[in-house]
Asker: 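Sending over a structure as structure tokens; questions will come in a sec.
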Amino acid sequence: MVPLYWYLWLGSVVFAVGIFGFLTRRNIIIMFLSIELMLNGVNISLVALSHYMQDLRGQILVFFVIAVAAAEAAIGLAIIIAMFRNKATLHADEIAEMKG
Amino acid sequence: MDISTIGPLLPEIIMAASALLVLLFELVIRKKETAGLLSIISVAIVAYYIPQSFGKAFGGMFISDGYSVFFKFIFFINLILTVLLSMRYLVIEKSNHGEYYALIMFSTLGMMIMASAGDLIVLYLGLELMALSTYVLAGFIRHDIRSNEAAIKYFLLGAFSSALLLYGITIIYGLTGTTDISLIGAAVAEKGLSTPLFLSIIFLMVAFGFKIALAPFHMWAPDVYEGAPTSITAFMSVGPKAAGFAAFGRVFLTGFGSLSADWTGILIVLSILTMAVGNIIAIQQSNIKRMLAYSSVAHAGYAVLGIIVGGAEGISAMMNYLFIYGFMNIGAFAVVIMLRSEGFQGEALEDFKGLARTHPLAAAMMLVFMFSLTGIPIPPTAGFIGKFYLFKAVIGAGYIWLAVVAVIFSAISAYFYLRVVMYMYMLEPEGEAVTLSLSPSLGLALLITTIAVIFIGLYPSPLLSFARLAAG
Amino acid sequence: MVEWFFGYLAGAVILLSILVVLSRNPVHSVLWMLLMFLHVAGLYLLLNAEFLAATQVIVYAGAILVLFLFVVMLLNLKEELRIKRFTGGWPFRLLIAAGILIILKKVLDGFKVGFKGPWSIEAIEQATHTKALGKVLFTEYILPFEIASLILLVAIIGAVFLAKKRLRT
Amino acid sequence: MQYYLLIPLMPLGAFFFNLILGKKIVRRQAHWPSTLAVAGSLVVSVMVLLDVLSGKTLNEDLYVWIVSGNFKVSIGFLIDQLTVVMLIVVTSVSFLVHVYSIGYMQEDPGYYRFYAYLSLFTFSMLMLVTANNFLQLYFGWEAVGLCSYLLIGFWYEKKSASNAGKKAFIVNRFGDFGFGLGVIMVFLTFGTLAYIPVFEGAGSMAAQSINILGMQVDLITLIALLLFCGAVGKSAQVPLHVWLPDAMEGPTPVSALIHAATMVTAGVFMVARLNPIFSLSPVAMDVVAVVGAVTALFAATIALVQNDIKRVIAYSTISQLGYMFIACGVGAYGAGVFHLYTHAFFKALLFLCAGSVMHAMGGEVNMQKMGGLRKYMPVTYATMLLASLSISGIPPFAGFFSKDEILWMAYNGGSVGRIVWALGGTLAALLTAFYSFRLIYLTFHGEFRGTEEQKHHLHESPGTMTIPLIILGIGAVAAGWIGIPPIISSITGVEHANWFAEFMKPVLGHPEIEAPHSTEAMVMTFSVAIAVVGIAVAWLFYIKRREMPVSLARRYGLIYKLLYNKYYVDEIYNLIVVRPTMLFSRYVLVGLTDGVIIEGIVNGVPALINWFGAKVRRLQTGLLQSYGTMMALGLFLILAIAFIVVSK
Amino acid sequence: MEIGYPVLSTVIFLPVFGGLLMLLIGRNQESVVKWTALFFSTLTLVLSLPLFTEFDKTTYLMQFVERKSWIPDWGVEYYVGVDGISVLFVLLSALITILCVLISWNSIKIKVKEFYVSLLLIEGAMIGVFCSLDFFLFYIFWEAMLIPMYLIIGVWGGPRRVYAAIKFFLFTLVGSIFMLIGIIVLYLKGGTFNILELSQMALPFNLQMWLFWAFFAAFAVKVPMFPLHTWLPDAHTEAPTAGSVILAAILIKMGAYGFLRFSLPLFPDASTAMTPVMLGLSVVAIIYGGLVCFAQTDLKRLIAYSSVSHMGFVTLGIFTLNSQGMEGGILYMINHGIITGALFLCVGIVYDRTHSREIVDYGGLASVMPVYAGFFMLFTLASIGLPGLNGFISEFLVILGGFKAKKLVGVLAATGIIIGAGYMLWLYQRVFFNEVNENIARIEPMGLREALPLLSLSVFVFWIGIYPDTFLSFMHVSVNHLLERVNYGVSDTMMAIKGLTGGY
């Protein structure tokens with residue numbers, strides 16, 4: 001039997017890799033992907049917890065997370081497209097008109 | 001299904017329905033302002049049903065109590081005022097689309113759900129509903145690069161923070177086996193502090209901290225507030241923030257209330273940091289929207305004192321503060337919007353030079369809002385009442401030093417609020433006089449906010465009673 | 001046996017997520033991501049969550065990532081391949097991420113659930129996962145479900161509004 | 001006896017009348033209200049004198065002025081022998097000066113203002129002398145100071161005049177500083193400020209002492225010395241004498257009235273009035289005497305070499321005031337007041353004569369440019385000669401009697417200290433005679449040394465001026481006859497030997513005479529002799545051998561220079577008081593404390609906040625990832641710190 | 001008392017009402033604005049006269065009391081009343097405002113309406129401060145005054161007005177925030193904002209000390225006490241005439257009034273214990289403020305610094321804790337209000353003509369404006385404490401009180417009279433005497449509208465100087481009552497201290 005915390009550990013690794021990607025990548029789309037990684041880390045943990053607790057609520061939450069992720073993706077990508085029309089770049093560090 | 005089980009949800013249902021209605025309506029009408037009007041009417045209807053909505057639904061997932069109702073009123077006011085601000089503004093910005101009003105309504109619906117959420121899953125979804133609508137609104141002026149930038153920043157960081165929120169929810173779920181906030185509270189009280197629990201508390205704190213823009217999770221706020229359409233900045237700086245507070249307060253005081261001794265320390269540090277950062281950087285700003293953004297950061301630092309204090313006193317002080325803050329902040333933005341006209345940004349502090357000369361009434365209103373925002377040492381504005389109550393609660397809880405710190409930052413804040421007054425009153429206008437784009441709706445918004453700010457300043461009793469009752 | 005499966009899937013998931021983050025080309029990232037999602041779905045299967053595994057594949061991999069792919073391809077990115085992948089202070093940021101990871105690891109080590117619900121594996125198998133989930137979702141969690149539908153609606157409105165070419169001024 | 005109130009009120013009325021109506025309505029007739037008022041005061045004063053002579057004195061409170069807690073002070077009047085003498089002196093001299101000024105000030109554009117001030121002064125001086133408590137005394141004290149200030153600076157467009165006025169006021173304030181504290185000490189000691197209860201209670205306080213900065217100080221001595229500070233200032237005693245010579249910038253009638261006859265003698269009056277307090281403190285008495293003696297000599301030496309006719313008289317005034325203080329210091333208050341009284345006549349006369357001379361000379365004050373005026377202005381010459389003889393102490397002129405009595409009283413007892421004072425006084429008498437006649441000779445004798453234009457213009461003054469001179473001249477001769485010393489009266493058989501001293505005795509007492517008559521005669525003879533010597537030397541220097549003073553001055557250049565520059569007292573004050581204050585204020589207080597330290601903090605804190613804000617602001621880079629990093633870092637730090645804390 | 005209207009509310013709110021009413025007047029109708037302002041300010045004074053005539057001098061109890069619940073949730077009341085300490089300030093405020101209206105008649109040329117509105121609002125707030133018996137209400141008035149004052153300095157002031165206005169604002173604001181904290185702490189301790197009830201409380205000594213300093217911050221800035229005084233020269237100098245007059249005559253009195261009304265009765269033990277510090281600071285202010293005047297080249301700045309010195313006398317008097325000092329201090333406030341107010345009015349009169357505040361630009365003014373010179377002389381003399389004029393009475397009482405409390409303090413304070421004479425007469429000389437400066441040779445003499453305020457103030461100069469009892473008699477009972485409270489401390493700690501040192 002796989003211990004629960006292996007799953008949690010795996011989830012946290014994926015989560016942390018997502019954080020790393022979000023913090024370091026310049027490409028907005030990859031940053032976005034990194035967030036998806038973080039969500040997947042969370043999802044892995046949730047499903048595992050749900051499984052080990054013999055409770056379905058965690059999985060329900062995962063379901064919603066996926067739904068929300070889809071919505072986020074739609075809006076996020078739309079925003080990216082809208083921006084790309086005005087300024088043809090996908091690098092977060094080039095989008096810094098406002099600062100200070 | 002028994003209708004009574006969804007009774008508490010009635011306002012939300014009406015809200016959702018009317019949002020859809022507005023959306024449909026948008027397709028058939030040419031004059032988009034009508035959609036705005038419709039949204040105001042629907043909010044009025046929703047507000048009418050609020051008093052009948054008290055109760056719990058879906059096994060405690062949805063709670064309509066005094067606490068949520070109070071916040072909902074903040075959201076309604078926020079919505080109404082924002083819509084009033086927007087009507088003419090959107091035309092000037094060449095973004096007069098009906099989706100705008102629908103999105104504002106959806107966003108408000110999300111806030112209402114957040115305020116009423118008795119379950120973390122509902123909370124999360126309400127938050128996302130609010131956030132996603134707001135992301136779109138922030139980027140609503142598609143052709144404006146700054147609006148795009150605001151949307152991108154808000155969106156990515158918002159998504160990042162909701163991932164953190166989810167992680168926190170996950171851990172707490174793992175620890176207690178539930179996502180129901182009151183059950184979590186019971187479980188937490190029973191089991192006491194453990195490191196995983198603390199971990200989840202911190203994750204949730206960071207996530208909520210992002211929503212209410214606590215330093216150091218505030219950094220999105222100035223950029224987004226500056227870039228977003230001004231009406232949406234006004235909207236965002238009040239509604240989502242208040243919703244964040246609502247959720248923050250509910251989760252931390254109901255869910256983690258028994259451990260408050262453990263997490264208030266962190267919150268105090270964050271609150272001081274927030275006040276410091278908000279006020280000190282605001283002094284540096286020359287763009288008034290950005291300055292107000294920092295000021296809004298600082299105000300979050302004050303309001304969070306209410307959560308630190310906790311209890312009915314702290315909560316009612318916080319709610320009271322947010323209520324008042326809504327009026328004065330939107331009022332200030334309304335003046336900024338008034339200066340925006342075709343081909344003229346009106347956002348720079350320089351643009352306010354000599355306003356008292358060219359538009360005395362506008363200047364006088366701005367003066368009232370600025371003094372009210374300064375708050376503490378300046379009665380008799382609503383801002384004073386808000387801060388007074390807050391600091392009274394803080395001192396009552398024994399944190400005299402914290403009140404002193406807050407009050408000092410409040411004095412520092414006077415510096416930049418006063419600078420606006422100084423520009424308006426003490427400097428002479430340069431070049432051509434600013435033309436005001438005053439529409440009846442904007443005028444109405446200004447009138448409401450000004451009167452509210454002064455009235456609450458002079459006769460705060462009804463509001464105080466309401467807040468106290470709501471915090472109950 | 002299960003441990004081995006888990007070991008493979010976990011290793012692949014970690015490796016793939018790192019590849020997602022490190023790939024220079026966003027298209028590659030998306031593709032690695034796709035692969036990773038399939039492995040995650042495998043993990044779900046391992047945890048008796050067939051419905052979620054399916055959702056993962058259909059919605060996540062099938063819909064969301066395809067959307068990403070479209071966008072990546074839509075936007076012309078030749079230039080992307082020539083410039084730096086990472087922001088300036090990435091080692092420091094790596095440290096932060098690593099630090100968070102270490103803390104998570106320390107805290108979660110030996111994590112034990114204190115709660116046992118009614119949905120044992122047997123119960124789920126008996127009801128089939130989809131049905132079980134659906135039952136909970138559409139009774140207990142009908143409210144969130146409805147909210148989720150509003151979220152998707154907003155997403156549609158927003159995405160359509162933002163992404164469409166300017167029609168009116 | 002209520003009519004006494006008219007004495008001060010009439011001049012006050014005249015003051016307001018002139019002040020309000022003067023410029024527009026009264027104008028050139030401004031002398032009428034003032035002069036009539038003071039004449040009225042004079043008449044009433046005489047009536048009061050008669051009352052007092054018949055034995056009636058009066059002490060009554062008019063109304064309560066200030067009350068606070070146990071502090072209570074009234075506006076009230078004390079009419080007794082001393083008061084009445086002062087009333088007569090003040091009103092009569094004042095009246096004459098009023099009359100004199102009609103001619104003297106005729107051309108002045110500020111005519112009405114001048115008379116308004118004169119009336120105000122008369123009022124103030126009368127309030128001063130009739131007060132029945134310390135605070136009212138202080139009121140009069142300051143009020144006369146104010147009038148002095150206003151009148152010295154009468155020609156305010158002249159910088160030297162406005163400077164002099166200011167100087168007079170401020171120097172006096174130094175004295176008043178002590179005086180005021182003295183008044184407060186009196187109240188704290190006696191619980192009241194009314195004269196009579198204080199005088200009655202003084203005896204019981206004699207041995208009390210208080211602790212000041214760790215030192216035990218005799219209470220009465222302290223009070224007396226503090227009060228005396230005021231006298232030093234007002235009566236221009238060393239070291240606060242510096243204002244009086246400068247005060248000569250004022251119109252000459254003012255010099256005569258205020259800076260010779262009345263106000264400057266207020267110090268003497270005060271010491272005499274408060275004699276029950278002073279008498280209790282031998283130390284204070286000695287201080288008074290020493291200050292008097294030093295001043296008498298000090299001023300006389302300066303007067304020797306001055307060329308400004310008014311300044312010579314001014315120094316002479318200082319010197320004579322010193323005499324009076326010697327008298328007070330040895331307990332002979334009667335003698336002091338007697339000298340005050342005679343001095344009022346001859347000194348006022350001297351000034352008015354000087355004024356007359358200046359009038360004729362077109363404002364010229366340098367005696368070296370005069371000479372031979374005798375033939376042009378006989379009346380002036382004659383009266384001034386009388387005054388000079390009087391001041392020199394030549395019998396039977398008024399000055400002789402009073403000065404002689406002082407010297408005698410000083411000598412009385414014959415202790416070493418007293419002999420020193422008496423010798424000092426005698427030496428001063430020598431100098432007095434010398435410089436007085438130096439003045440006469442330089443001015444009236446010899447050749448005229450002025451310009452042709454001045455010579456052409458020389459004339460005797462009009463009647464309004466000469467008549468007062470003549471009246472005062474009579475006074476300068478005869479005023480002393482009411483105080484003929486017993487020895488003379490015994491020789492000449494005149495009755496009422498020293499009638500004045502007897503009259504004053506109820507108020508001022510009279511020191512016991514210990515030494516025999518023979519000694520008195522010796523002292524008298526000696527003093528007269530020395531006066532004659534002084535006159536003779538003056539004759540030698542300025543009539544007989546005109547070159548002697550010059551060669552002497554050259555020979556003793558250093559001393560001459562020292563005297564000519566008045567011992568450089570002004571310069572020293574400037575160096576140690578005025579300049580340091582200014583520099584301290586400008587550079588230390590304004591520059592350093594206010595400017596650098598306080599303002600540094602005041603402006604520094606906001607600047608610091610600004611600077612800090614500018615730094616922190618840089619964190620807001622506008623970069624998405626760095627915002628994320630900030631969040632993650634915040635999360636990490638909170639986690640890390642929380643777990644470090646929890647695990648402990 | 002049979003007066004047909006609530007006197008205090010009327011005098012507080014009539015000006016406010018007038019001010020708001022004036023907002024309705026058109027922007028171009030300047031003379032209507034002026035007359036309306038004059039009407040309301042005069043009416044206020046007239047309606048405040050019952051305070052003078054009907055005041056019962058035999059009781060220390062609050063009179064003309066009005067009490068209404070305001071914010072019941074916090075127990076805040078609208079609670080006003082006056083006693084012998086405050087009543088005169090109400091009258092003074094009403095009087096000074098009229099003079100300010102008159103003196104601004106021609107000198108305010110821009111935004112006329114706004115100016116008079118601000119002026120009337122200030123009047124209401126000032127009077128409110130002196131009447132409030134509820135801390136919350138007090139604080140509202142206390143700070144409400146800042147806003148119009150800030151505008152008056154900043155909008156109608158001199159060249160450096162913006163700096164001065166912000167400095168003024170931030171200074172007073174930073175001071176008063178500490179007081180606010182103190183008020184809240186007091187409220188939480190005593191459960192009420194009622195000042196009179198709180199004054200009955202026996203607080204522990206340590207708390208008293210903390211609160212004393214918290215209140216000190218607010219009051220000392222306002223007074224201003226050394227070393228918190230540097231806002232004052234700037235504010236006074238840059239403010240328009242009316243602003244300077246109000247600042248000098250009323251506003252800075254509030255600090256001293258605060259000490260009297262709050263610090264002493266609320267924290268009697270702390271006040272007693274801190275007497276040496278307060279006396280020390282006062283003496284420093286007297287001497288420092290005076291000496292600094294010698295280096296000033298600006299008319300208004302000089303008078304402003306002289307205010308620092310004079311207010312030193314006021315605080316000195318208050319903290320002598322004896323009746324002479326305290327009554328002297330209160331009377332000093334009134335007198336200083338009259339004298340310095342008048343001096344600023346005077347400066348305003350010439351400033352309107354020459355637009356220069358530099359002393360060197362003047363000289364020989366007495367020849368050009370003789371009547372004016374006479375008034376100025378009168379006020380100068382009153383300022384340097386010439387007996388017979390009002391300044392003397394209070395100065396003497398304060399020095400007497402100081403001497404009684406501590407001899408050295410009395411002596412040092414008395415040096416103030418030398419210094420004061422020095423700088424004031426020097427000033428007078430430089431401005432009015434000497435040769436006529438060309439700049440001012442042809443300026444017009446003073447008009448009746450300008451003379452009237454000066455005349456009315458000079459009436460008080462003589463009145464108080466010659467018969468001060470009219471005013472002193474208001475104070476006796478209240479001051480004695482206050483002294484009783486202060487001298488019989490409340491906490492055990494203080495008793496112990498008093499026992500150890502053998503009594504104060």
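Letters A, B, ... are given to chains in the order of the sequence lines, protein chains preceding strands, and every chain is numbered from 1.
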Asker: Considering non-hydrogen atoms only, spot the tightest contact between B:Ile280 and D:Phe612 and give its length.
Answerer: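 Reported closest heavy-atom pair: CD1-CD2, 3.9 Å.
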Asker: Chain B heavy atoms under 4.5 Å from D:Tyr627: which part of the residue, side chain, backbone, both or neither?
Answerer: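 For D:Tyr627, heavy atoms of backbone and side chain both lie under 4.5 Å from chain B.
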Asker: If you take all heavy atoms of B:Met219 and D:Gln620, which pair is closest and at what distance?
Answerer: O-NE2, 2.6 Å
Asker: Got a second to check how far B:Ile412's CD1 is from D:Ile609's CD1, nearest 0.5 Å?
Answerer: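 One gets 3.5 Å once the value is rounded to the nearest 0.5 Å.
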Asker: Going through the checks in order, is the side-chain contact (heavy atoms from CB on, under 4.5 Å) test met by D:Arg617 and B:Gln285?
Answerer: CA-CA 9 Å; D:Arg617 190 183 177 185; B:Gln285 302 306 322; 3.7 Å; yes
Asker: List the atom of D:Ala642, the atom of B:Phe198, and the distance in Å for their closest heavy-atom pair.
Answerer: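 Heavy atoms only, the tightest pair is CB-CE2, 3.7 Å.
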Asker: Take atom NZ in D:Lys158; do more than 12 heavy atoms of anything else shown fall under 6.0 Å from it?
Answerer: yes
Asker: In this structure, are over 12 heavy atoms from other groups packed under 6.0 Å from D:Met185 atom CE?
Answerer: yes
Asker: Between D:Ile638 and B:Val269, is any pair of side-chain heavy atoms under 4.5 Å apart?
Answerer: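 Result no, sub-4.5 Å side-chain heavy-atom pair not found.
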Asker: Which one wins on heavy-atom pair count under 4.5 Å against chain B: D:Ile641, D:Thr621, D:Val645, D:Leu639?
Answerer: D:Leu639
Asker: By a 4.5 Å heavy-atom criterion (distance strictly below it), what part of B:Phe217 contacts chain D: side chain, backbone, both, or neither?
Answerer: both
Asker: Where is the tightest heavy-atom contact between D:Met631 and B:Ser161, given as atom of each residue plus distance?
Answerer: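 For D:Met631 and B:Ser161, the tightest heavy-atom pair comes out as CE-CB, 4.0 Å.
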Asker: In Å, rounded to the nearest 0.5 Å, how long is the span from CG of D:Leu624 to CZ of B:Phe155?
Answerer: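 It comes to 10.5 Å.
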Asker: Pick whichever of D:Gly634, D:Pro606, D:Ala614 has the most heavy-atom pairs under 4.5 Å with chain B.
Answerer: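 Top count of heavy-atom pairs under 4.5 Å with chain B: D:Ala614.
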Asker: Under 4.5 Å from any heavy atom of chain D, what part of B:Ile266 do you find: side chain, backbone, both or neither?
Answerer: side chain
Asker: How close do B:Phe203 and D:Leu635 get, counting heavy atoms only, and between which atoms?
Answerer: CE2-CD2, 3.8 Å
Asker: Near D:Lys159 NZ, under 6.0 Å, is it more than 12 heavy atoms from other residues, nucleotides or ligands?
Answerer: no
Asker: Counting heavy-atom pairs under 4.5 Å with chain D, which one of B:Leu273, B:Thr195, B:Val206 comes out on top?
Answerer: B:Thr195
Asker: Could you grab the distance from atom CZ of D:Arg618 to atom CD1 of B:Ile281, nearest 0.5 Å is fine?
Answerer: 12.0 Å
